[in-house]
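These values consider heavy atoms only, across backbone and side chains, with no hydrogens, waters or symmetry-generated copies. Source: prediction; values computed, not measured. First listed ligand is number 1; within each ligand, the first listed atom is number 1.
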Amino acid sequence: MSRPYFVTTPIYYANAEPHIGHTYTTVVADTLVRWHRQRGDDAWSVSGTDEHGEKLVEAAAKAGQTPELFTERMSAAFQHVWAELGIAPSRFVRTTEPAHRRNVQAILQRVHAAGWIEAREYEGLYCVGCERFLTERDMENGLCRDHERAPELRRESNYFFLMSREFGWLRGEIESGRYEIRPERYRNEALAMLRDESGLGDLSISRPKSRLAWGIELPFDREHVCYVWFDALISYLTGAGFPDDPAFAQRWANAEHLIGKDILKPHAIFWPIMLKAMGMEPPRRLSVHGYWNVDDRKVSKSLGNMVSPLAMRERYGFETFRWFLLREMSYGLDSNFTEEALVERVNADLANNVGNLVSRTLNLVEKFCDGALPPLDASVARGLEEALVAAQDSIESAMAQLQPQQALAAIVVFASEVNRFLDATKPWKLAKLPSGLNEATKILGVAGRAVAALAELLAPFLPEASARIEAKLAAAPITRGEPLFPRVELRKE
Ligand code: MSP
């Protein structure tokens with residue numbers, strides 16, 4: 001029986017073009033799906049766009065468009081970019097689509113009827129960037145820490161989701177690992193939030209329509225729309241086929257959310273309690289990554305250093321960029337992106353090592369074996385078989401711990417071993433000796449199988465390169481052909 005696996009990316013705010021941060025999470029999700037499918041698991045993935053809220057209204061106004069048209073265009077841009085990059089989430093959710101709106105309203109109705117929602121007057125400091133009221137801790141020198149802008153004093157009649165009832169229960173879920181949060185530091189951070197409840201409380205989940213009309217109406221009070229985070233989190237259920245897709249329950253029982261560290265609170269605290277209020281289980285796992293800086297600076301629109309994945313494809317090839325993202329960031333920690341580092345890294349790993357191995361092997365097979373892969377000779381293969389098993393084991397454990405950079409390091413080690421095997425056995429010399437051709441043929445049989453194994457190891461990480469290697473090996477006759485990874489040069493503008 002194939003095991004179900006379900007992974008989500010955050011649904012991205014439809015107010016900006018996809019940048020390095022979005023691309024990273026999306027690439028990791030795509031890699032996990034491919035990894036699981038390669039193992040025969042039944043993998044499902046969700047991504048999407050978060051299209052309601054004040055931030056979207058502001059951005060649409062700035063662009064001189066209605067929120068409807070603006071979000072339509074921006075969501076299409078996200079879908080276009082992922083398709084261009086060969087990434088296809090199983091389900092792409094727009095929070096403005098009818099199926100999602102129905103889910104949000106049905107859930108609000110259910111949670112309201114079960115006594116989890118209460119109307120209250122509320123006054124506080126509100127940050128439009130965060131789309132929420134801030135607490136002391138969210139501010140520094142009177143400004144929102146994340147958005148470096150001054151919050152506004154607001155008084156509103158709001159509906160509150162009575163989240164604080166369940167902080168004790170949630171602590172137990174996280175401590176027992178029933179809701180797994182990784183890496184450890186974010187689990188600790190979530191537990192610290194719960195210990196010091198002054199930063200939490202109940203959650204305002206409505207906005208008066210008089211001020212914000214762009215949202216999903218509360219089914220029990222049409223004068224209010226739903227708070228954007230309450231709406232957005234439910235997209236994970238919509239994406240999993242809630243309520244009536246027969247596969248929904250299976251998917252949900254195996255859900256893993258990938259997020260960046262800035263959105264820990266809604267995922268670690270709000271979401272499991274929302275699910276509890278619906279009578280549902282928390283997700284299996286929350287996997288939190290750090291931030292990409294670019295040239296040692298925070299990524300920001302004003303600095304213009306957002307790093308567009310399409311621009312990177314144009315300059316260096318997308319899989320080159322994909323390799324760098326996966327190879328450089330230790331999942332959970334911040335990383336720095338520079339094009340200089342990308343160039344250096346991919347030339348060392350891909351052009352000089354992996355690519356070179358593929359080229360020289362194909363070239364030798366073309367030259368000395370008439371372009372046909374010789375049969376495998378077990379006695380010659382032994383040393384490399386061990387190296388392959390070691391690589392497979394390292395990749396297995398790296399992926400179980402969600403450390404793709406360690407998986408890629410293991411692939412590089414394996415390619416180096418095969419390169420060393422060729423350097424040591426020198427089949428090109430042997431083939432020219434009077435009785436050496438037979439031995440050279442055996443060596444190339446082994447090298448060819450090692451390259452095929454390499455293609456398989458690479459498949460979840462660099463699907464296109466992997467398919468190209470496989471096609472080269474399947475060709476009759478095998479020829480060296482174009483290099484797999486030409487050396488790249490800095491093309492910074
Ligand atoms: N719409 C919400 C998510 C709702 S999920 C139910 C949102 N959207 S976002 O577009 O602002 O951010 C999406 C993701 O991108 C977040 O996980 C965030 O951490 C990530 N990143 C944004 N900038 C980033 C970097 N510079 N580096 C890495 N990831 C970053 O939040």
[X]/[Y] ion pair, N-O < 4.0 Å:
X      : Y      : answer
Glu180 : Arg187 : no
Arg37  : Asp41  : no
Asp30  : Arg322 : yes

ask   = Roughly how far, to the nearest 0.5 Å, is the CZ atom of Arg178 from the CG atom of Leu170?
value = 11.5 Å
One line per pair, note the atom names and distance for all nitrogen or oxygen contacts under 3.5 Å between ligand 1 and the protein.
unit_1, atom_1, unit_2, atom_2, d
ligand 1, 1 (N), Ile11, O, 2.8
ligand 1, 1 (N), Asp50, OD2, 2.7
ligand 1, 10 (O), Tyr13, N, 3.1
ligand 1, 10 (O), His22, NE2, 3.4
ligand 1, 17 (O), Gly260, N, 2.9
ligand 1, 19 (O), Asp262, OD1, 2.4
ligand 1, 26 (N), Trp292, O, 3.0
ligand 1, 27 (N), Trp292, N, 2.9

inquiry  = Going by salt bridge (charged side-chain N to carboxylate O under 4.0 Å, His left out), name the residues that satisfy it together with Lys55, two or more places apart in sequence or in a different chain.
reply    = none
request  = Please assess Ser394 against Gln406 for the test side chain to side chain donor-acceptor pair (under 3.5 Å), listing each intermediate value before the final yes or no.
outcome  = CA-CA 8 Å; Ser394 308; Gln406 286 172 14; over 6 Å; no
